[in-house]
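As the structure lists them, so they are numbered: ligands from 1, and atoms in each ligand from 1.
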Amino acid sequence: MSFPSPTKTYHTEAYQAIDPALPALSSKGKNVVISGGGSGIGPEIAKAYATSGASTIALLGRTEKTLLSTKTQVESAFPGTKCYFYVADVVDNEAVKRSLADYATAVGSLHVLVANAGFMPNPGSITESSPEDWFNAFEVNVKGNYNLTRAFTPHATKDAVILNITTGALHIPYIPRFSGYTSSKMAAARLFEYLHHEQPEKFVLNVHPGVIKTAMGDKAGLEGVPFDDVNLPAAFVVWASSAEAKFLNGKFIWANWDVDELKAMAAKLPESNDFTLGLLGWP
Ligand SMILES: NC(=O)c1ccc[n+]([C@@H]2O[C@H](COP(=O)([O-])OP(=O)(O)OC[C@H]3O[C@@H](n4cnc5c(N)ncnc54)[C@H](OP(=O)(O)O)[C@@H]3O)[C@@H](O)[C@H]2O)c1
């Protein structure tokens, strides 16, 4: 199975133009917050920012062991990057506020937020679902990101980068058994669009990471959909944080789309509704 793409080239793994080691994509001097930094896609995102020279990285999640493991891996491979970790449930507003305040006290202003932590309810129909499990997707994906963006803002630089790891499932009319995941991720994507309009000096982007083999990727159990390499979204978010991606501010982009072909659209994209959410057929 393949997905439609606005770029002729559809990537399934990292490639030269988004190599985080490229000087043009340098994160030197940057302080980067990654939620869900202990497992899944998050640790690879942390390694990609470290490759690009980030000064410090804050890892948020609920599991101390996995956060510590990411910190150890990053700091041993990239001695120039210091990792902080905060055991916090994104749904717990006070814990998130305290974590980001402590991080800012330690490092100063915050430059990048990657809102990556997410939850997928057990796939199933609406009537068969457990209300607690179904609505937990709204707790983590919507309330969690609401808490995170509000906790980040007071410590963020004026031109900070905010990347929401969303899902391309929002562009597919119907995926059986996905109602809780898709509707909560849709609400979150709109939350980040609002943030873009409310804080226009910042760079806000919704990013679909591709289909990645993680605990969530396995839970989704999408038959016939091949996995992309986790290096693709990791490198892509570093590229998306760089000056090269500024023309995409406020958009919704898939990590699979070729950045050189996207750059060729730079003149027309900012003024168009392309790559934003809307209603098909509405003029
Ligand atoms: N994998 C895919 O194919 C795919 C496709 C499209 C979009 N995405 C999106 O990509 C992001 C990462 O997904 P993934 O595949 O890496 O998922 P994952 O393997 O389930 O990992 C989720 C991460 O989020 C953290 N997390 C979950 N609930 C949390 C909470 N309440 N508070 C703090 N941290 C929490 C988890 O750590 P703890 O459990 O330790 O807290 C874990 O590190 C998600 O937003 C997901 O929706 C993934």
Side-chain angles (χ1 to χ4, degrees), residues 1 3 12 33-48 57-71 73 85-100 113-123 132-133 135-148 151 162-172 175 178 180-189 191-192 205-223 225-234 236-237 252-256:
M1 180 185 172
F3 297 108
T12 60
V33 179
I34 303 169
S35 66
S39 58
I41 301 171
E44 301 311 313
I45 293 176
K47 287 175 207 161
I57 298 174
L59 306 160
L60 262 73
R62 295 166 303 173
T63 313
E64 178 164 359
K65 195 173 158 204
T66 57
L67 294 170
L68 185 56
S69 162
T70 305
K71 173 182 160 67
Q73 287 177 53
F85 71 86
Y86 300 93
V87 179
D89 186 328
V90 289
V91 181
D92 180 345
N93 187 36
E94 287 309 313
V96 175
K97 262 170 66 179
R98 198 167 47 244
S99 301
L100 293 204
L113 168 64
V114 185
N116 165 70
F119 176 75
M120 170 178 281
N122 291 322
E132 292 74 26
D133 185 54
F135 275 104
N136 193 41
F138 279 79
E139 287 287 300
V140 178
N141 299 336
V142 185
K143 190 176 181 183
N145 282 324
Y146 171 83
N147 290 341
L148 203 53
I162 299 176
L163 305 174
N164 174 39
I165 307 303
T166 176
T167 173
L170 305 189
H171 309 150
I172 295 165
I175 306 175
F178 261 48
Y181 182 64
T182 308
S183 52
S184 62
K185 292 295 271 188
M186 178 62 103
L191 182 154
F192 283 91
L205 187 70
N206 280 305
V207 179
H208 166 61
V211 181
I212 311 298
K213 184 159 179 54
T214 59
M216 188 186 291
D218 285 340
K219 192 175 192 182
L222 293 172
E223 274 175 38
V225 181
F227 286 113
D228 302 312
D229 193 308
V230 69
N231 289 331
L232 175 66
F236 186 88
V237 295
F252 191 135
I253 299 293
W254 291 32
N256 308 89

Next on the checklist: Checking a contact table here: which protein heavy atom is nearest atom 31 (N) of ligand 1, and how many Å away?
Outcome noted: D89 OD1, 2.8 Å
Item to check | Minimum side-chain heavy-atom gap Y146-V96 below 4.5 Å | outcome: no
Checklist entry - Which one holds for V140 and ligand 1: side chain close, backbone close, both close, or neither close, with close meaning a heavy atom under 4.0 Å? => result side chain
Checklist entry - What residue and atom, counting heavy atoms only, is the protein's closest point to atom 32 (N) of ligand 1, and at what distance? => result V90 N, 2.9 Å
Next on the checklist: For atom 17 (O) of ligand 1, what is the closest protein heavy atom, and at what distance to 0.1 Å?
Outcome noted: M216 CB, 3.4 Å
Checklist entry - Looking only at heavy atoms, is any part of L67 under 4.0 Å from ligand 1, and if so is it the side chain, the backbone, or both, or is it neither? => result neither
Checklist entry - Tell me: protein heavy atom nearest atom 16 (O) of ligand 1, and distance? => result I41 N, 2.8 Å
Checklist entry - Counting only heavy atoms, which portion of K213 has something under 4.0 Å from ligand 1: side chain, backbone, both, or neither? => result neither
Next on the checklist: So if I count the atoms of ligand 1 from 1 in the order they appear, which ones are less than 4.0 Å from some heavy atom of A215?
Outcome noted: 19 (O)
Checklist entry - Do any heavy atoms of G168 fall under 4.0 Å from ligand 1? => result no
Next on the checklist: Counting C-beta onward and ignoring hydrogens, is there a side-chain heavy-atom pair between V90 and V140 closer than 4.5 Å?
Outcome noted: yes
Checklist entry - Do I212 and ligand 1 have an N or O pair less than 3.5 Å apart? => result yes
Checklist entry - What is the nearest protein non-hydrogen atom to atom 37 (O) of ligand 1, stated with its residue, atom name and distance? => result S39 OG, 3.9 Å
Checklist entry - In chain order, what residues pass the side-chain hydrogen bond (donor to acceptor under 3.5 Å, both in side chains) check against S69, with sequence neighbours excluded? => result Q73
Checklist entry - Can you list the ligand 1 atoms lying under 4.0 Å from a non-hydrogen atom of T166? => result 6 (C), 7 (C), 8 (N), 9 (C)
Item to check | Close side-chain approach of E44 to N231, heavy-atom, < 4.5 Å | outcome: yes
Item to check | Within-4.5 Å side-chain heavy-atom neighbours: Y181 and I175 | outcome: no
Checklist entry - Does the side chain of F236 reach to within under 4.5 Å of the side chain of I253, using non-hydrogen atoms? => result yes
Next on the checklist: Students should be able to answer this: which protein heavy-atom is nearest to atom 40 (O) of ligand 1, and at what distance?
Outcome noted: T63 OG1, 2.5 Å
Checklist entry - What heavy-atom pair brings A188 and N145 nearest, and what distance separates the two atoms? => result CB-ND2, 4.3 Å
Item to check | Nearest-neighbour protein heavy atom for atom 15 (O) of ligand 1, which is reported as residue plus atom name and distance | outcome: T214 OG1, 2.5 Å
Checklist outcome for this item: When V207, I165, L60, L148 are each screened for side chain to side chain contact (heavy atoms under 4.5 Å, CB included) with N116, the one that passes is I165
Checklist entry - Does some non-hydrogen atom of P209 fall short of 4.0 Å from ligand 1? => result yes
Checklist entry - If you take all heavy atoms of I212 and D228, which pair is closest and at what distance? => result CD1-O, 3.6 Å
Checklist entry - With under 30° as parallel and over 60° as perpendicular, where do the rings of W254 and H171 fit, or are they tilted in between? => result parallel
Item to check | ligand 1 contact on Y181 by region, counting heavy-atom pairs under 4.0 Å | outcome: side chain
Checklist entry - Does an N or O from H208, backbone or side chain, lie closer than 3.5 Å to an N or O of ligand 1? => result no
Checklist entry - Taking the minimum heavy-atom distance to atom 22 (C) of ligand 1, which of G36, G118, P43, G37 ranks first? => result G118
Next on the checklist: Looking at non-hydrogen atoms alone, which of K219, E139, R62 comes nearest to atom 29 (C) of ligand 1?
Outcome noted: R62
Checklist entry - Is there at least one pair of N or O atoms, one from G42 and one from ligand 1, spaced under 3.5 Å apart? => result no
Checklist outcome for this item: atom 4 (C) of ligand 1: of G210, G217, P233, the nearest heavy atom sits on G210
Next on the checklist: Could you tell me if the side chain of T166 sits less than 4.5 Å from the side chain of M186, heavy atoms only?
Outcome noted: no
Checklist outcome for this item: atom 11 (C) of ligand 1 has as its nearest protein heavy atom N116 O, 3.0 Å
Item to check | Parallel, tilted or perpendicular, as decided by the 30° and 60° cut-offs, for the rings of F135 and F138 | outcome: tilted
Checklist entry - Short N/O distance, under 3.5 Å, between L60 and ligand 1? => result no
Item to check | Flag side-chain contact, heavy atom, 4.5 Å: F178 against I172 | outcome: no
Checklist outcome for this item: Among A137, G144, A117, closest by heavy atom to atom 34 (N) of ligand 1 is A117
Checklist outcome for this item: When every non-hydrogen atom of N164 is compared with those of N206, the smallest separation belongs to ND2-OD1, 2.8 Å
